[in-house]
Amino acid sequence: MKYISPGSWFSLEYPDNWCEAEEAEDSFLFYNPEKWNGNFRISAYQGENRNYAKDCMADELRHTSGSKPVKVGAWDCVYFAEAFNEEGTDYVSHIWITGCGSISVECSFTVRKGDSPKPGEDIVASLRVRQPDEKPWHDIIPVRVLEINTINEGYDWAVSTLKKQLSKDFTAHETDIANLQRMVDEGKFKPGNRQAWENFGIAFGTILVNEMDGMDWVTVIDGKKEYPALRFADTRLMVYPVSLIWNKVSRGEPCDLKAEYLRIRREAEAVI
């Protein structure tokens with residue numbers, strides 16, 4: 001699975017049965033939720049000159065006891081390990097300091113004492129680092145925690161608003177399209193209220209996910225723009241719910257959500 005960090009600072013590949021999890025700001029966590037075999041964390045830092053990554057590695061070698069230079073894939077790294085005990089279980093954090101130019105990267109893989117660090121090494125080996133003067137990347141990747149939070153916040157707002165405005169419960173199924181349509185038609189929100197229309201678009205997208213097997217949220221990396229969208233299975237069929245309603249309402253164009261739903265369903269059936 002491919003991951004691209006917010007801002008396209010770095011990308012990496014992690015095992016298919018792993019996932020990203022909530023973590024502290026500016027740090028990213030990956031692990032296997034079905035059978036835990038370690039936590040992989042990564043953070044990236046930008047310095048003021050193109051020697052920053054090398055300087056960070058040299059500094060680590062000077063000041064960290066037990067650190068040593070190693071090669072992981074194509075990357076020159078400084079490696080060291082830290083042992084600790086938590087609730088009676090012994091763990092080891094394997095830590096690699098690496099990077100390129102003005103970007104320093106710190107990776108750690110925490111496992112039970114005696115377990116192999118290889119899964120973490122494989123992720124480090126897959127690392128790509130983008131320099132500030134390079135163009136941002138363009139790609140479609142599995143939905144990140146950042147976009148999941150955006151989806152959840154938008155969906156919760158839409159559900160709450162529909163309940164308040166229409167006294168209707170929203171279950172994110174096809175029958176709820178009529179209530180979303182009422183929000184469009186009855187003028188309860190101004191055409192320029194972008195956030196409201198984007199949130200209603202997220203609610204519409206959730207209906208598509210629930211009603212169409214194979215329709216899932218992804219993250220679109222489009223240069224400097226990064227946002228959630230839907231992709232049908234492993235096809236090229238993409239749907240952009242966040243902008244679907246907003247684009248039509250803001251331009252004063254008709255917005256027939258049932259017609260949009262049926263169009264998307266037909267297109268999905270056509271590529272099966």
Side-chain angles (χ1 to χ4, degrees), residues 6-7 19-20 22 138-272:
C19 67
E20 184 194 4
E22 289 277 6
H138 296 259
D139 211 333
I140 299 169
I141 61 173
V143 64
R144 302 181 300 200
V145 164
L146 180 64
E147 282 71 38
I148 290 173
N149 290 337
T150 298
I151 293 163
N152 289 340
E153 290 171 7
Y155 178 80
D156 289 345
W157 182 92
V159 169
S160 174
T161 301
L162 285 162
K163 182 69 172 180
K164 185 184 301 182
Q165 296 286 341
L166 305 178
S167 299
K168 299 287 186 180
D169 291 326
F170 187 82
T171 62
H173 290 91
E174 184 177 355
T175 54
D176 291 305
I177 294 175
N179 290 328
L180 284 177
Q181 189 67 51
R182 284 183 61 185
M183 301 306 297
V184 174
D185 295 341
E186 293 180 6
K188 295 181 181 294
F189 293 89
K190 294 180 180 179
N193 192 337
R194 180 170 185 164
Q195 190 64 63
W197 299 119
E198 289 184 345
N199 289 341
F200 288 132
I202 287 172
F204 180 71
T206 307
I207 293 174
L208 297 176
V209 171
N210 288 341
E211 295 287 355
M212 301 182 190
D213 289 340
M215 190 72 78
D216 288 305
W217 291 104
V218 293
T219 293
V220 175
I221 309 295
D222 185 13
K224 294 183 179 181
K225 297 179 182 179
E226 302 176 353
Y227 50 88
L230 295 174
R231 179 169 59 189
F232 183 67
D234 292 324
T235 72
R236 293 185 178 182
L237 176 57
M238 298 287 299
V239 181
Y240 302 94
V242 175
S243 59
L244 191 150
I245 300 177
W246 158 248
N247 284 347
K248 292 182 179 294
V249 171
S250 64
R251 296 169 185 165
E253 299 174 357
C255 182
D256 186 336
L257 292 177
K258 189 56 179 286
E260 291 291 334
Y261 174 84
L262 294 174
R263 174 186 63 80
I264 294 166
R265 178 176 284 282
R266 287 194 302 270
E267 291 179 358
E269 291 171 348
V271 299
I272 294 177

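Minimum interatomic distance between E198 and W246 (heavy atoms only, all atoms of both residues): CG-CB, 4.2 Å. The two residues G205 and L230 make their nearest non-hydrogen contact at O-CD1, 3.7 Å. What you find for V220 and Y240 is that their closest heavy atoms are CG2-CE2, 4.3 Å. Minimum heavy-atom separation, D176 to D169: OD1-O, 3.6 Å. For the residue pair F232 and D213, the shortest heavy atom distance occurs at CE1-O, 3.1 Å. Of all the heavy atoms in A229 and P241, the pair that sits closest is CA-CD, 4.3 Å.
Annotation: the span from I264 atom CD1 to L208 atom CG amounts to 5.0 Å, rounded to 0.5 Å. In this structure, R263 CZ and K258 NZ are separated by 14.5 Å, a value rounded to the nearest 0.5 Å. With rounding to the nearest 0.5 angstrom, the CG atom of L162 is 5.5 Å from the CG atom of L180. To the nearest 0.5 angstrom, E260 atom CD is 10.5 Å from I177 atom CD1. For the atom pair NZ of K168 and CE of M183, the computed distance is 13.0 Å after rounding to the nearest 0.5 Å. Going from atom OG1 of T175 over to atom CD of E211 covers 7.5 Å, rounded to the nearest 0.5 Å.
Looking only at side-chain heavy atoms (C-beta outward), W217 and I148 stay at 4.5 Å or farther from each other. The side-chain heavy atoms of R144 and E20, taken from C-beta on, include a pair separated by under 4.5 Å. With a 4.5 Å cut-off on side-chain heavy atoms, F200 and V184 do not count as touching. The shortest side-chain heavy-atom distance between V242 and Y227 does not fall under the 4.5 Å cut-off. The side-chain heavy atoms of T161 and K188, taken from C-beta on, include no pair separated by under 4.5 Å. Considering only heavy atoms from C-beta on, T171 stays 4.5 Å or farther from N210 through its side chain. In this structure, I151 and V143 have side chains that are in contact, with non-hydrogen atoms separated by less than 4.5 Å. Using a 4.5 Å heavy-atom cutoff, the side chains of M212 and Y261 are in contact.
Under 3.5 Å, the side chains of E153 and N149 contain no donor-acceptor pair of N or O atoms.
Between F189 and W157, the gap from one ring centroid to the other is short of 6.0 Å.
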Determine, stepwise, if the pair R265 / E174 fulfils salt bridge (charged side-chain N to carboxylate O under 4.0 Å, His left out). CA-CA 11 Å; R265 178 176 284 282; E174 184 177 355; 5.0 Å; no

As a quick check of understanding, evaluate side-chain contact (heavy atoms from CB on, under 4.5 Å) for I140 and M238, giving each step before the final call. CA-CA 10 Å; I140 299 169; M238 298 287 299; 3.9 Å; yes

Just do the salt bridge (charged side-chain N to carboxylate O under 4.0 Å, His left out) check on R231 and D216 with the steps written out, would you? CA-CA 6 Å; R231 179 169 59 189; D216 288 305; over 6 Å; no

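Remark: side-chain polar atoms of E226 are paired, donor with acceptor, to backbone N or O of G7 under 3.5 angstrom. The closest donor-acceptor contact from the side chain of T206 to the backbone of I202 lies under 3.5 Å. Listed for the E147 side chain is no donor-acceptor partner under 3.5 Å among the backbone atoms of P228.
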